[in-house]
Amino acid sequence: MGRRWGEGGWTGASDRTGMEALHHAIESGCNFFDTAWIYGRGHSEKMLGAALRDHPHKKLYVATKVPPKNRAWPSRRGDRLDAIFPPDHIAEYVEKSLAALGTDSLDLLQFHVWEDAWANDQSWMRAVDELKRTKLIGAVGISVNRWEPLNVIDTLKTGLIDSVQVIYNIFDQAPEDQLFPLCRELDIGVIARVPFDEGSLTGALSASTTWLEGDWRASYFVPENLVPTVARVEALRAALPGDAPLAQTALRFILDNDAVSTVIPGMRSIAHVDANLACSELGPLTEPLSRLLRQHRWDREPTWWSQ
């Protein structure tokens with residue numbers, strides 16, 4: 001389950017409904033939670049930590065992320081690792097996340113941006129080795145920049161990365177080309193993020209949709225993105241069989257790929273939790289429906305609004 005608060009967040013949620021959703025997810029069997037220090041500058045982690053303490057007898061797995069030191073998403077070609085993830089910065093944010101979560105160790109620590117040019121830099125290697133040696137983290141992963149599934153390939157080949165988090169959904173199928181086969185070969189876990197294409201694949205958007213001030217989606221779904229996205233969603237909905245609900249079909253498409261270890265849809269309410277977990281119990285898509293969905297692949301290149 002994925003969560004976002006505060007900086008870069010979504011409006012329409014509250015701490016009360018968020019905690020209700022968290023507790024309901026745990027009680028319903030969800031055991032993996034993805035967060036980041038930057039989501040509310042530790043607030044998301046503190047809420048998750050409170051939920052962990054309320055369920056001390058359940059084995060729950062927590063993944064969080066170290067923010068880039070320059071606070072720029074995504075990273076850019078030419079960025080130097082020592083300016084984005086110097087060792088003291090990594091250590092500082094591990095300590096901050098541990099304090100916010102109230103835990104002694106992080107199950108999974110992820111770099112929140114990445115450049116494959118950093119693959120063989122000894123600095124990050126020594127940093128994560130020390131964190132593992134001292135048992136402050138159990139595993140290390142990379143959250144790949146939007147629409148850049150190849151911008152991690154050489155790093156994965158170092159053998160030091162345990163998981164990769166990547167955008168993967170009906171539209172964004174590019175990870176299947178090279179990233180997923182390599183992850184299978186190297187036994188690297190895949191965390192599929194943005195399963196609903198930032199909400200478009202729930203069918204909730206129209207060409208006139210607007211967001212409140214401070215909502216991250218307002219800066220992402222600019223007209224250059226919103227209009228073609230809605231058109232593609234409408235084409236997809238028109239092609240689906242009448243008994244194939246859009247959101248459930250979108251999530252099932254991801255779960256049917258055996259390279260995917262887990263998927264992290266948002267969960268701002270109990271209703272979201274129930275809908276997301278229900279998809280895990282559904283059987284695989286039919287072959288004709290799977291073929292149909294693959295025809296809606298949309299290869300995109302990062303641009304000024306993609307973030």
Side-chain angles (χ1 to χ4, degrees), residues 2 32-39 41-42 44-45 48-49 52 60-145 148-166 175 179-180 182-193 259 261-262 264:
F32 180 86
F33 296 89
D34 176 81
T35 186
W37 182 88
I38 203 63
Y39 301 163
R41 295 179 176 270
S44 172
E45 292 177 327
L48 180 54
L52 297 177
L60 304 174
Y61 299 89
V62 175
T64 193
K65 309 179 192 77
V66 177
K69 187 172 183 178
N70 66 350
R71 296 293 193 274
W73 281 266
S75 53
R76 308 290 182 182
R77 301 303 95 83
D79 281 351
R80 293 175 54 87
L81 178 65
D82 58 9
I84 310 301
F85 293 121
D88 60 341
H89 175 79
I90 297 171
E92 175 188 354
Y93 278 87
V94 167
E95 292 297 336
K96 286 185 175 182
S97 292
L98 288 171
L101 288 160
T103 59
D104 297 324
S105 179
L106 304 172
D107 296 303
L108 174 63
L109 179 71
Q110 302 163 100
F111 293 99
H112 210 159
V113 299
W114 195 255
E115 292 297 322
D116 214 18
W118 303 334
N120 295 307
D121 192 306
Q122 295 295 310
S123 176
W124 71 265
M125 296 180 181
R126 288 192 294 267
V128 299
D129 181 67
E130 177 65 11
L131 290 168
K132 285 187 174 182
R133 186 188 66 79
T134 55
K135 302 188 184 305
L136 292 179
I137 67 172
V140 62
I142 290 172
S143 182
V144 183
N145 301 342
E148 296 183 3
L150 300 184
N151 193 10
V152 72
I153 296 295
D154 287 342
T155 309
L156 299 186
K157 291 178 181 177
T158 66
L160 301 176
I161 300 300
D162 301 294
S163 72
V164 61
Q165 184 175 140
V166 64
L179 180 61
F180 285 1
L182 182 62
C183 288
R184 290 189 187 96
E185 176 187 340
L186 300 179
D187 194 26
I188 292 171
V190 172
I191 303 170
R193 78 176 192 267
S261 306
T262 189
I264 50 173

Interatomic spacing from CD1 in I188 to OG in S163 - rounded to 0.5 Å: 8.5 Å
Contact check, side chains of P87 and R126, non-hydrogen atoms, under 4.5 Å: no
Sidechain N-carboxylate O distance under 4.0 Å for K135, D104: no
Polar side chain donor-acceptor pair, S97 to E45, under 3.5 angstrom: yes
Pairwise side-chain contact, K132 with D162, heavy-atom cut-off 4.5 Å (strictly under): yes
Expected output: side-chain W114 to main-chain V152 donor-acceptor under 3.5 Å: no
Side chain to side chain contact (heavy atoms under 4.5 Å, CB included) between F180 and V166, intermediate numbers included: CA-CA 10 Å; F180 285 1; V166 64; 4.1 Å; yes
Polar side-chain atom of H89 near backbone of P67 as donor-acceptor pair, under 3.5 Å: yes
For A83 against P86, the heavy-atom pair lying closest together: C-CD, 4.3 Å
For S261 against G189, the heavy-atom pair lying closest together: OG-CA, 3.3 Å
Minimum heavy-atom distance G42-A100, with the two atoms named: O-CB, 3.9 Å
Which atom of R80 lies closest to which atom of W118, heavy atoms considered: C-NE1, 3.9 Å
Derivation and outcome, side chain to side chain contact (heavy atoms under 4.5 Å, CB included), residues R193 and D34: CA-CA 10 Å; R193 78 176 192 267; D34 176 81; over 6 Å; no
Note, L108 side chain near Y61 side chain (heavy atom, < 4.5 Å): no
L109 side, atom CG; I142 side, atom CD1 - distance, nearest 0.5 Å: 11.0 Å
Spacing of K157 atom NZ and E185 atom CD [to the nearest 0.5 Å]: 8.0 Å
Evaluation steps, side chain to side chain contact (heavy atoms under 4.5 Å, CB included), between L150 and L179: CA-CA 7 Å; L150 300 184; L179 180 61; 5.6 Å; no
Nearest-0.5 Å distance, CG of residue D82 to CG of residue D121: 7.5 Å
Polar side-chain atom of T35 near backbone of T64 as donor-acceptor pair, under 3.5 Å: no
Check ion pair R77-E148 (N to O, under 4.0 angstrom): yes
Beyond-backbone contact of E115 with I84, side-chain heavy atoms, under 4.5 angstrom: no
Those residues that, when tested against R184, pass salt bridge (Lys or Arg N to Asp or Glu O under 4.0 Å) (two or more places apart): D258
Within-4.5 Å side-chain heavy-atom neighbours: Q122 and W124: no
Residue pair L106 / L101, side-chain heavy-atom distance below 4.5 Å: yes
Smallest separation among heavy atoms of S105 and G138, with atom names: OG-N, 4.2 Å
Between N145 and S75, a side-chain donor and acceptor under 3.5 Å: yes
Side chain to side chain contact (heavy atoms under 4.5 Å, CB included) between V164 and T155, worked out: CA-CA 10 Å; V164 61; T155 309; over 6 Å; no
Side chains of L131 and I90 in contact at under 4.5 Å (non-hydrogen atoms): yes
Beyond-backbone contact of I38 with K65, side-chain heavy atoms, under 4.5 angstrom: no
Side-chain (D154) to main-chain (D116) donor-acceptor, under 3.5 angstrom: no
Atom pair OG/CH2 of S143 and W73 - distance to nearest 0.5 Å: 10.5 Å
CD1 on I191 to CZ on F32, rounded to 0.5 Å: 4.0 Å
